[in-house]
Undergrad: 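Can you read through this structure? Questions will come right after.
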Protein chains: 2
Amino acid sequence: MGDEELVPLAHRVPDLGALELLLAVARVGSLSGAARRLGITQPAASSRIRAMETRLGVALVDRSPRGSTLTAEGALVTDWARRVVEAAEAFDAGAQALRGRRDSRLRVAASMTIAEYLLPGWLIALRGQRPDTAVSLHAGNSAVVVQRVLTHEADLGFVEGLTVPEGLDSAVIAQDRLVVAVAPVHAWARRTRGVEAAELAATPLILRERGSGTRQVLDAALAGHGGLAAPLLELASTTAVKAAALGGAGPCVLSELAVVDELAARRLVEVPVSGAELGRALRAVWPAGARPAGPARDLLSLTRGTSP
Amino acid sequence: MGDEELVPLAHRVPDLGALELLLAVARVGSLSGAARRLGITQPAASSRIRAMETRLGVALVDRSPRGSTLTAEGALVTDWARRVVEAAEAFDAGAQALRGRRDSRLRVAASMTIAEYLLPGWLIALRGQRPDTAVSLHAGNSAVVVQRVLTHEADLGFVEGLTVPEGLDSAVIAQDRLVVAVAPVHAWARRTRGVEAAELAATPLILRERGSGTRQVLDAALAGHGGLAAPLLELASTTAVKAAALGGAGPCVLSELAVVDELAARRLVEVPVSGAELGRALRAVWPAGARPAGPARDLLSLTRGTSP
DNA sequence: CATCACCCATAACATCAGTTTATGGCCTTA
DNA sequence: TAAGGCCATAAACTGATGTTATGGGTGATG
């Protein structure tokens, strides 16, 4: 509610090209060098940086005849800019994979949480190793992912569930855990001892829809504590769940990956849970026997963070 | 090295206005509604969304005479877009604080890590509560922050050090910890048992410069284990440290906040450390006796995640 | 010192994406 | 059937961003 913005964000924040240019200036140490790197001319770079400085009302670079270095404010702004550019790179990596749907070499299927929060980063890294590989991405729930891998519509799948799927080989690529989080104004935010599993089970929660990997894990973990109460809200996307919790509607349960930023910024507070195991493995899966090769193997080893 | 991009990112990723528009369409459920919300006309919105679809090569919205809803791909793209927009909002919040240096009401001083990773989020929230408050921000190391608060050049400070500063009152607002991280190719990435404090102390590390809060905490924690070996590299910014570690130069030590994304994406791997306490409190500080009031109090309670 | 090789700034002009205004067609509802 | 949502298209306007062309600094080198 009440998040009107009179002037759209886009008019107050320099555009991606300008931010990229600023990063290049920081790395290279001169405006003209940065311009060369980005394939534009020096006057263009000069004018763009100047425009950004007047818009922000702060000097970003110290110009000298020997080059340009960031001012103290410039360094800070550059770090914020870097985060925007990194998010844009993740967007680009995902978008390329999505576009490549037709004529691609590596077809990936992934559950929503992994596709949203992890895959873009991996794809950026993969592009570094194999710039020519076109990647396509299909996102769906675990059952859909497994199906696509089994029918060879995908070369590699990523799932979050508990079950080791039949007919597939798999490797654990990371541990995730479910987190119970509430808005800072919620009573649970002040509990230092957190909640017992039984209390959690009995409390109406904001959850993803039945059938999602998140929901499955939660159901299983609380089965021994009376089972899950009827949900307070049942929403179709991670984002919607987060938004409801941020608004103070009640406690939500989501992957740690989805709430890292909100927890760090204290927009949400984690509530420790005792008596239930909310960890879960993130797995890569592929058709049984058919060990991934080529780009699929590269992606797999990236995700495990170890060389083959 | 070798991260040439032939076409700059800015030409492959829709601009912030377009991403914002897409988010608005997702929320509102119609192109014209989204257009109204952003203060542009319906044809502009229509053409912009279409341009984005052709650029990405994917249909993002299902149009109907009753409104427009996201396609499955559209929902995924929207989530990636949201992360870009959030980063841009953080940029904006920080930039506004920086600009407001002259005629502002709330003056904040913060150490680099907090200013980079946490403050923008808090400032977004603060703007929600008090849209009219102009905030100014000064970033520096802990000593500078303390100095500014003592001399009343800042109303509120945020520091990371171990020491409780003299002449100031403080409140712990969060726990942070230092993380030892290495590139996936580094030998330590495969150690399941991590490293002993003594081994860590004896190993040349990639560190922030002496005098930074991070460095102080590390020095103190390893003092009993033979003290810190001569650094492998000593760099002036968090980002430079990260870049060196990502390149495989060696182990780095940074705030958990700085490496959350890299750890999640497996571009870096955390190495557990036994025998040393690398936790540290993040504190808000203010002049002794002068309990924060007004906007300072609001910001403080936001950071603590509890109502006054 | 003069030359060369960097750096940055400014001016005048070209280009293109994004915008508006002005339409028209499609569906649902009263 | 008229009214009021929605979306699409066409044509003209605007401004930001780019270019080429030029000039003025600094420092290394013979």
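In what follows, every chain begins at residue 1, and chains take the letters A, B, ... in the order their sequences are listed. Note: hydrogens, waters and symmetry copies are ignored here, and every other heavy atom, side chains too, is used.
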Undergrad: Roughly, in whole Å, what's the span from CZ in A/R36 to C1' in D/dG18?
TA: 18 Å
Undergrad: Could you work out how much the helix from C/dC1-D/dG30 to C/dA30-D/dT1 bends, comparing the axis of its first five pairs with that of its last five, to 10°?
TA: 20°
Undergrad: Counting C-beta onward and ignoring hydrogens, is there a side-chain heavy-atom pair between B/V77 and A/F91 closer than 4.5 Å?
TA: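 Yes. Closest side-chain heavy atoms under 4.5 Å.
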Undergrad: Kindly indicate whether the side chain of A/R215, heavy atoms from C-beta on, has any atom under 4.5 Å from the side chain of A/P231.
TA: yes
Undergrad: On a heavy-atom basis, which atom in A/L31 and which in A/A45 lie closest, and how many Å separate them?
TA: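 Nearest heavy atoms, A/L31 then A/A45: O-CB, 4.0 Å.
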Undergrad: Do A/L22 and A/R82 make a side-chain contact, defined as non-hydrogen atoms from C-beta onward lying under 4.5 Å apart?
TA: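 They are not in contact (no side-chain heavy atoms under 4.5 Å apart), so the answer is no.
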Undergrad: Would you classify B/T41 as touching base, sugar-phosphate or nothing, given that sugar-phosphate means primed atoms plus P, OP1 and OP2, and contacts are heavy atoms under 4.0 Å?
TA: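 Base: the residue B/T41, judged by heavy atoms under 4.0 Å, touches a nucleobase.
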Undergrad: Is the closest side-chain heavy-atom distance between A/W122 and B/R267 below 4.5 Å?
TA: no
Undergrad: What are the residues of residues 44-55 of chain A, sorted by number, that bring a heavy atom to within less than 4.0 Å of DNA chain C?
TA: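 Contacting residues: A/S46, A/R50.
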Undergrad: Please determine if a side-chain N or O atom of B/S68 lies less than 4.0 Å away from the OP1 or OP2 oxygen of D/dC7.
TA: yes
Undergrad: Side chains of residues 58-67 of chain A: which donor-acceptor partners sit under 3.5 Å, not counting sequence neighbours?
TA:
{"unit_1": "A/R63", "atom_1": "NH1", "unit_2": "A/E53", "atom_2": "OE1", "d": "3.2"}
{"unit_1": "A/R63", "atom_1": "NH1", "unit_2": "A/E53", "atom_2": "OE2", "d": "3.2"}
{"unit_1": "A/R63", "atom_1": "NH1", "unit_2": "A/V61", "atom_2": "O", "d": "3.2"}
{"unit_1": "A/R63", "atom_1": "NH2", "unit_2": "A/E53", "atom_2": "OE1", "d": "2.9"}
{"unit_1": "A/S64", "atom_1": "OG", "unit_2": "A/R66", "atom_2": "N", "d": "2.9"}
{"unit_1": "A/S64", "atom_1": "OG", "unit_2": "A/G67", "atom_2": "N", "d": "3.4"}
{"unit_1": "A/S64", "atom_1": "OG", "unit_2": "A/G67", "atom_2": "O", "d": "3.1"}

Undergrad: With sequence neighbours left out, what residues match B/W80 under ring pair (Phe, Tyr, Trp, His ring centres under 6.0 Å)?
TA: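 If we apply the ring pair (Phe, Tyr, Trp, His ring centres under 6.0 Å) test to B/W80, skipping adjacent residues, there are no hits.
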Undergrad: Taking the side chain as every heavy atom from C-beta outward, state whether A/R107 and A/H138 have any pair of such atoms under 4.5 Å apart.
TA: no
Undergrad: Going 5' to 3' on DNA chain C, which nucleotide is the first and which the last to come under 4.0 Å of a heavy atom in chain A?
TA: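 For DNA chain C, the relevant span reads C/dC7 to C/dT10.
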Undergrad: Do NZ/NE/NH1/NH2 and the carboxylate oxygens of B/K242 and B/E262 come within less than 4.0 Å?
TA: yes
Undergrad: Would you call B/L137 and B/L119 a side-chain contact if the rule is heavy atoms closer than 4.5 Å?
TA: yes
Undergrad: Restricting both atoms to N or O, compile the protein contacts to nucleotides 23-29 of chain D shorter than 3.5 Å, with distance only.
TA:
{"unit_1": "D/dG27", "atom_1": "OP1", "unit_2": "A/R66", "atom_2": "NH1", "d": "3.4"}

Undergrad: With a 4.5 Å heavy-atom cut-off, do A/T78 and A/E73 have their side chains touching?
TA: no
Undergrad: Does a donor on one side chain and an acceptor on the other come within less than 3.5 Å for A/S111 and A/N141?
TA: no
Undergrad: Considering only heavy atoms from C-beta outward, does the side chain of A/L126 approach that of A/L106 to under 4.5 Å?
TA: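 They are in contact (side-chain heavy atoms under 4.5 Å apart), so the answer is yes.
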